[in-house]
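All values reported here derive from a predicted model rather than from experimental measurement.
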Amino acid sequence: MRDLVAGIRYLGKGQRWVAQHGRWWGFGLIPALIALVLYAGVLTALALWSGDIAAWATPFADGWGEPWQGLLRGVFVALLFAGGLTLSVLTFTAVTLLIGDPFYESLSRAVEESEGYCPPDPDRPLWQEIWIALRDSVHVLLRAAGFGILLFVLGFVPFLGQTVIPAIGFCVSGFFLAVELTSVAMQRREVPVRERLRLLRGRKGLAVGFGTPVVLLFLIPFVAVVLMPGAVAGATLLVRDLAPDGTEPPAPDEGAAAAGPDPAAPYGQTAAGAPYGQHGAGAPGQQPGAQGGFGPAPAPFPPSQGQSQAPRYPHPPSGPGSSAGRPPAGW
């Protein structure tokens, strides 16, 4: 139950974020408007031709009398349109994300930067990003279609088909819609679609709590267009909780300090300038933090400039009274 409430809150946080950043809200409306025009045409055609489709799909009822023939085909038309509407809700998000990949990528990046840190984008060309998004969407939609067919068949069960099955259908649709909406931030973290499904299955309440209200709101005409930017923003915030890797800047590289002596460094110092005789972890033959080690050999001692090259201790003069042959005092 806690995850269910948290999912609903993420949806509210996303809508609040775009309300506070109106420019990004308007920017995110563009691909949703394009997708809305496409889907409006498809659903209108389905509504006009649903009666003919029902007659074609139920030829065995041609000889039935009234009211049974009309009742059967009326239920078929209702289920067909409900299935088409549910499928349009799922595919609307996928198609909108596909059309607006550059738009929503920028929106998601702005959300993450406002939260403190945004992981760097994968170094891939745009066409490859679109291909990966298309491939992942097809993978998710095939899974959703399998559940949709099962729920469609169960819809003919008396009482359950009109009460329990629609509620389950909305939850299933919400789960897969959450998978689609989180794809933008997940792809930035290079999380594959199978791993994405596994993460959301582990937090079903979070995914259903976020996605199911979106499904219900998307059933209202034109609401999907208005809420789509906020849904992407909320999904980005959800990903920062679900897959926290990449939400903090990387720590400074400690490899240089652990590399041991550097031939170019001053005598007896490591590459990171550690004190003489100390090495970080990873120095050859040393345990982490071990003491000792001399570094490279020092350069030859340079001769003093401007002085003769005579020995520092010259031989004493020879002759009478000299101390030649005797060791100096103190030896």
Any heavy-atom pair between the side chains of [Y] and [X] that's under 4.5 Å?
X: Phe103; Y: Pro229; result: no
X: Arg194; Y: Leu199; result: no
X: Val215; Y: Phe176; result: no
X: Trp24; Y: Val111; result: no

Joint hydrophobic cluster, [X] plus [Y], side-chain heavy atoms closer than 4.5 Å:
X: Leu36; Y: Phe27; answer: yes
X: Leu43; Y: Val223; answer: yes
X: Leu107; Y: Leu33; answer: yes
X: Ile8; Y: Leu206; answer: no
X: Leu71; Y: Val77; answer: no

If only atom types and distance count, is the side chain of Tyr104 paired as donor or acceptor with the main-chain N or O of Gly28 below 3.5 Å? yes
With salt bridge (charged side-chain N to carboxylate O under 4.0 Å, His left out) as the criterion, how do Asp136 and Arg196 come out once you've worked through the C-alpha distance, each side chain's angles and the decisive distance to 0.1 Å? CA-CA 10 Å; Asp136 291 352; Arg196 195 185 317 156; 3.1 Å; yes
So, taking the atom named [atom1] in [X] and the one named [atom2] in [Y], what distance separates them when rounded to the nearest 0.5 Å?
X: Arg73; Y: Trp56; atom1: CZ; atom2: CH2; answer: 12.5 Å
X: Leu200; Y: Leu242; atom1: CG; atom2: CG; answer: 5.5 Å
X: Glu112; Y: Arg240; atom1: CD; atom2: CZ; answer: 5.0 Å
X: Glu105; Y: Gln187; atom1: CD; atom2: CD; answer: 7.5 Å
X: Ile165; Y: Leu150; atom1: CD1; atom2: CG; answer: 8.0 Å
X: Phe175; Y: Glu180; atom1: CZ; atom2: CD; answer: 11.5 Å

Could you tell me whether Arg9 atom CZ has more than 12 heavy atoms of other residues or ligands within 6.0 Å of it? no
Can you spot which of Arg16, Gln20, Gln15 makes a side-chain contact (heavy atoms from CB on, under 4.5 Å) with Val18?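 In the set Arg16, Gln20, Gln15, the residue that makes a side-chain contact (heavy atoms from CB on, under 4.5 Å) with Val18 is Gln15.
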Under the criterion side-chain hydrogen bond (donor to acceptor under 3.5 Å, both in side chains), I'd like the reasoning laid out for Ser108 against Arg188: C-alpha separation, chi angles, the key distance, then a yes or no. CA-CA 10 Å; Ser108 177; Arg188 184 181 301 111; 3.2 Å; yes
Hey, mind stepping through Met186 and Val239 against side chain to side chain contact (heavy atoms under 4.5 Å, CB included) and telling me if it holds? CA-CA 7 Å; Met186 288 287 194; Val239 169; 4.2 Å; yes
Can you list every ring-ring contact (aromatic ring centres under 6.0 Å, His included) pair that touches residues 155-174, not counting sequence neighbours?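 Found Phe152-Phe156.
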Start with the C-alpha gap between Val214 and Leu227, add the side-chain angles, then the distance that decides, and say whether side chain to side chain contact (heavy atoms under 4.5 Å, CB included) holds. CA-CA 8 Å; Val214 179; Leu227 296 183; over 6 Å; no
Taking all non-hydrogen atoms of both residues into account, name the closest pair between [X] and [Y] and its distance.
X: Leu97; Y: Ser183; result: CD1-OG, 3.8 Å
X: Leu177; Y: Gly211; result: CD2-O, 3.8 Å
X: Ala233; Y: Gly14; result: CB-O, 3.8 Å
X: Thr212; Y: Cys171; result: OG1-CA, 3.7 Å
X: Gly169; Y: Leu151; result: CA-CD1, 3.5 Å
X: Phe210; Y: Ala235; result: CZ-N, 3.5 Å

Is the shortest distance from a Lys or Arg side-chain nitrogen in Arg203 or Asp241 to a carboxylate oxygen in the other one below 4.0 Å? yes
Stepwise ring pair (Phe, Tyr, Trp, His ring centres under 6.0 Å) test for Tyr39 and Phe92: CA-CA 8 Å; Tyr39 275 86; Phe92 178 85; 5.7 Å; yes
Does a donor on one side chain sit under 3.5 Å from an acceptor on the other, for His139 and Arg143?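 The answer is yes; a qualifying pair exists.
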Mind running side chain to side chain contact (heavy atoms under 4.5 Å, CB included) on Leu46 and Leu80 for me, showing each step along the way? CA-CA 9 Å; Leu46 180 63; Leu80 178 65; 4.2 Å; yes
Decide yes or no on ring pair (Phe, Tyr, Trp, His ring centres under 6.0 Å) for His21 and Trp17, but give the supporting numbers first. CA-CA 6 Å; His21 302 79; Trp17 191 93; 4.0 Å; yes
